[in-house]
Amino acid sequence: MTELLAPPDVEVGVVGVLRDALPDARVGTRYPSSSPEPPLVVRVSAVGGQAPRHLVLVEPRVLVECWADDEGDAFGLAGRAHAHLSETQGQLHGMTFRKVLAQLPVNHPDVGRPGRFRFQFVATVYSRMEPLA
């Protein structure tokens, strides 16, 4: 019987990388419901990707959203997230990062959060399928 392979949990992997790289920000898969809101927030969401091109290589995509009370701070946070994620390689946080290609951050106002600024980007994470436990 052949070993069954599954795509990695890209949200867990990317959140782990960005938590390590951005200790001044609240990083997760949900926007925090705490009041007051943290000054810097990063939310990571899986948004699809490519099926395996080969037996083991997958290309999941993530949306990285970065909020702050100041437009410059939001852009700066997105820039730091982009830089760290783009340089990520190796076995980290339960997945193999072969390379990451990230689009440039764009200003994407969040009408549901007045007074907060949001920049976001999409990144493709080239990774390996993982054996099912």
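We number each residue from 1, following the sequence as shown. Any value given below was found using the heavy atoms of this structure, including those in side chains, with hydrogens, waters and symmetry copies removed. Since the model is a prediction, treat every value here as computed from it, not as a measurement.
Across all non-hydrogen atoms, the minimal contact from Ala123 to Val100 is CB-CG1, 4.0 Å. Considering every non-hydrogen atom in both Ser45 and Glu11, the closest pair reads CA-OE2, 3.4 Å. Pairing each heavy atom of Arg26 with each of Ser34, the nearest pair is NH1-OG, 3.8 Å. In terms of heavy-atom proximity, Cys66 sits nearest to Ala78 at SG-CA, 3.6 Å. The two residues Arg118 and Asn107 have their closest heavy-atom pair at O-OD1, 3.4 Å. Nearest heavy atom pair, residue Val17 against residue Leu92, reads CG2-CD1, 4.2 Å.
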For a side-chain contact (heavy atoms from CB on, under 4.5 Å) check, start with the C-alpha distance between Arg116 and Asp110, then their side-chain angles and the critical distance, and finish with the verdict. CA-CA 7 Å; Arg116 299 283 281 173; Asp110 186 346; 5.9 Å; no

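Under the 4.5 Å side-chain heavy-atom criterion for Ile, Leu, Val, Met, Phe, Trp and Tyr, Val62 and Val41 are members of distinct hydrophobic clusters. Note on Leu101 and Val125: separate hydrophobic clusters, where clusters join Ile, Leu, Val, Met, Phe, Trp and Tyr whose side-chain heavy atoms are under 4.5 Å apart, directly or indirectly. When hydrophobic clusters are built by joining Ile, Leu, Val, Met, Phe, Trp and Tyr residues whose side-chain heavy atoms come closer than 4.5 Å, directly or via intermediates, Val12 is not grouped with Val27. Tracing side-chain contacts under 4.5 Å through hydrophobic residues (I, L, V, M, F, W, Y), one never reaches Leu77 starting from Phe119; they form parts of separate clusters.
Residues Val106 and Gln120 have side chains in contact (heavy-atom distance under 4.5 Å, counting atoms from C-beta outward). Side-chain contact between Val10 and Met95: present, with at least one pair of heavy atoms (C-beta onward) separated by less than 4.5 Å. Within the 4.5 Å cutoff, no side-chain heavy atoms of Leu40 are placed close to those of Leu22. Between Thr124 and Glu59, some side-chain heavy-atom pair lies under the 4.5 Å cut-off.
Remark: the backbone N or O of Pro8 is not paired with any side-chain donor or acceptor of Glu130 at under 3.5 angstrom. Side-chain N or O atoms of Arg19 include none that pairs as donor or acceptor with a backbone N or O of Ala25 at under 3.5 Å.
Sequence neighbours left out, the pairs with a member in residues 77-102 that pass ring pair (Phe, Tyr, Trp, His ring centres under 6.0 Å) are His82-Phe121.
In this model, a donor atom of one side chain and an acceptor atom of the other lie less than 3.5 Å apart for Glu37 and Tyr31.
For Arg98, the side chain to side chain contact (heavy atoms under 4.5 Å, CB included) criterion is met by Leu57, Thr96, Tyr126, Arg128, not counting sequence neighbours.
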